[in-house]
There are 2 protein chains.
Amino acid sequence: MKTPPAPLAQPAGKAHIVSGVIHGLLQGRWRGGERLTEAAVAQLFSVSRTPVREALLELAAMGMVQLRRNCGAILQPFGPQQLSEIYAVRTLLEVEATRLAAGNLPPAQLESLRSAFESLQKGNLPDEGWRLDQLLHTTIASHSGNLRLAAEISRYTILVQTMREAAGRVLSGIQSTSIEEHLEILNRISEGDAQGAGAAMRKHLDQAEQSALLAIEALHIGGI
Amino acid sequence: MKTPPAPLAQPAGKAHIVSGVIHGLLQGRWRGGERLTEAAVAQLFSVSRTPVREALLELAAMGMVQLRRNCGAILQPFGPQQLSEIYAVRTLLEVEATRLAAGNLPPAQLESLRSAFESLQKGNLPDEGWRLDQLLHTTIASHSGNLRLAAEISRYTILVQTMREAAGRVLSGIQSTSIEEHLEILNRISEGDAQGAGAAMRKHLDQAEQSALLAIEALHIGGI
DNA sequence: GGAATCAGGATTGTATACAATTTCAAGCGC
DNA sequence: GCGCTTGAAATTGTATACAATCCTGATTCC
């Protein structure tokens with residue numbers, strides 16, 4: 001019997017819990033400082049404590065909860081301040097990766113990305129926006145020459161992606177200005193202009209932060 | 001059928017498994033690409049699979065192993081290249097934190113740190129070196145105004161500290177030049193010279209990387 | 001002969017039971 | 001009244017059993 005690969009198919013236990021807890025945090029279901037007991041989370045998601053423990057470890061690695069020995073998980077606050085901190089670190093990592101990757105991307109891959117974004121700009125396949133955005137960031141990171149830096153960036157990509165999913169439709173559409181920002185990054189990279197590419201990436205992430213800020217504020221207002 | 005390896009006599013606990021695996025990696029007991037089965041690690045440390053799984057998750061968060069669904073843990077290579085990447089990311093984070101913290105440290109705390117390092121310089125309590133080093137980095141990070149940045153730096157501090165413990169005495173003594181580097185950082189911070197403080201931190205971490213590089217090379221030679 | 005198929009073993013994922021530890025409030029002595 | 005002790009409830013840490021999934025190697029069909 002042949003089973004399909006199914007790498008990112010369904011939220012397999014742990015991942016489902018992780019995104020569920022983040023969902024609750026974003027919607028204001030829980031507040032920072034609250035203590036999550038394993039049993040309560042297990043009951044909430046109808047699973048045993050074992051996958052809950054692993055999900056809490058992952059959430060701790062994401063910085064969403066703080067784990068204390070024999071005391072359980074304390075939810076960290078999440079609001080504009082935390083979003084700002086997330087983007088500050090993400091920007092630090094990605095700008096550096098962009099500088100390192102400038103002039104390092106295979107021309108074919110560069111051209112493929114550029115034409116994809118230009119196609120998006122013409123209104124084709126608008127739902128592909130986030131996937132393309134993620135592809136661009138991943139491609140740049142993986143050509144920085146520093147695998148660990150790429151891994152750290154991946155952690156933040158996953159974090160932002162999880163927040164995006166948890167926030168639902170509020171963050172759904174990619175902005176047209178964002179497409180231009182992406183093209184700007186690609187152009188600077190193809191020119192081998194490290195500083196320019198880094199600056200373009202910083203500008204892009206600053207814009208993304210503003211969008212995310214509006215989104216979580218809308219969520220909080222809607223949740224009350 | 002090979003005989004099972006003798007259990008390592010260590011107190012039970014997740015942390016010991018983590019440092020034990022890193023120890024094995026540093027000493028060349030395992031090689032990158034090798035697959036660690038939970039059962040084997042459990043037997044090696046004389047514990048059940050439950051704490052082993054959590055240790056592997058922590059090692060994955062550290063970037064020392066790669067976890068694949070239903071496939072187990074694949075050890076990542078560890079050598080000069082990986083050390084260089086670790087220090088590149090650590091430097092990126094800490095230099096930024098130092099810039100942000102410059103002029104932000106309470107004078108009392110600054111003076112306390114400075115006098116501690118000056119005391120160290122005179123030969124007092126040489127064993128306190130690493131603890132003081134860690135304290136300086138933690139203090140700077142916690143005054144950067146970005147708690148998430150501080151948390152990321154803490155992850156790297158723990159990683160380096162774990163490597164240090166795993167490497168044993170090779171890395172035991174703090175260098176006298178390192179004390180001067182620390183004082184330089186403190187001076188620039190007290191002057192509120194963000195760029196200078198960041199540059200001093202970068203210089204310090206570059207030196208630390210060189211020391212660590214020599215240490216793991218010595219370990220590998222000794223292990224063969 | 002080569003590739004797809006398919007058991008059987010090996011390994012991870014989850015559930016549950018129990019041990020160790022912490023928390024918290026009531027009881028006690030001062 | 002205040003602080004310390006203490007014991008029970010609550011919670012986390014660990015061990016074990018079982019289910020689900022994956023890997024391996026021999027088999028079969030073309």
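A note on names: the letters A, B, ... follow the listed sequences, proteins ahead of strands, and every chain is numbered from 1. Both backbone and side-chain heavy atoms feed into the values below; hydrogens, waters and symmetry mates do not.
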Distance, rounded to the nearest Å, where [X] contributes [atom1] and [N] contributes [atom2]:
X	N	atom1	atom2	result
B:Arg69	C:dT11	CZ	C1'	14 Å
B:Ile74	C:dT11	CD1	P	14 Å
A:Arg35	C:dT23	CZ	P	7 Å
A:Arg68	C:dT22	CZ	P	11 Å
B:Leu57	D:dG13	CG	P	14 Å
B:Ile17	D:dT14	CD1	P	8 Å
B:Glu54	C:dT12	CD	P	15 Å
B:Leu56	C:dT11	CG	P	14 Å

Query raised in the report: Which pair of non-hydrogen atoms, one from B:Leu100 and one from B:Ser144, has the smallest distance, and what is that distance?
Result: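 It is CB-O, 3.5 Å.
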Query raised in the report: Below 4.0 angstrom, N of the basic side chain to O of the carboxylate: do B:Arg99 and B:Glu96 qualify?
Result: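 Answer for the salt bridge query: yes.
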Requested in this report: Mind checking A:Leu36 for me? I need base, sugar-phosphate or nothing, with any heavy atom below 4.0 Å counting as a touch.
Outcome: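 Here A:Leu36 touches the backbone only, sparing every base.
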Query raised in the report: Got a sec, which pairs hit ring-ring contact (aromatic ring centres under 6.0 Å, His included) with one end in residues 32-70 of chain A, sequence neighbours left out?
Result: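 Matches after skipping sequence neighbours: A:His16-A:Phe45.
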Query raised in the report: Any idea which of D:dT21, D:dT12, D:dC18 is nearest the B:Asn70 side chain?
Result: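 Of the options given, the side chain of B:Asn70 lies nearest D:dT21.
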Report task. Between B:Glu38 and A:Pro51, name the one whose nearest nucleotide on DNA chain C is closer to the 5' end. Result ->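 Closer to the 5' end of DNA chain C: B:Glu38.
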Query raised in the report: Starting at the 5' end of DNA chain C and moving along, which residue's nearest nucleotide shows up first, A:Ser46 or A:Cys71?
Result: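 The residue whose closest nucleotide sits nearer the 5' end is A:Ser46.
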Query raised in the report: Is there a donor-acceptor pair closer than 3.5 Å between any side-chain N or O of A:Ser154 and the backbone N or O of A:Ala150?
Result: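 Answer holds: no.
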Query raised in the report: Can you name the residues that form a salt bridge (Lys or Arg N to Asp or Glu O under 4.0 Å) with B:Arg155, not counting sequence neighbours?
Result: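 Partners of B:Arg155 by the salt bridge (Lys or Arg N to Asp or Glu O under 4.0 Å) criterion, ordered by chain and then number, come out as A:Glu152, B:Glu152.
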**Report entry** N or O in side chain of B:Arg53 less than 4.0 angstrom from C:dG13 OP1/OP2
**Finding:**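 The answer is yes; a side-chain N or O of B:Arg53 sits under 4.0 Å from OP1 or OP2.
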Query raised in the report: Under 4.0 Å: is that the gap between some side-chain N or O of A:Thr50 and OP1 or OP2 of C:dT14?
Result: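 Result: no.
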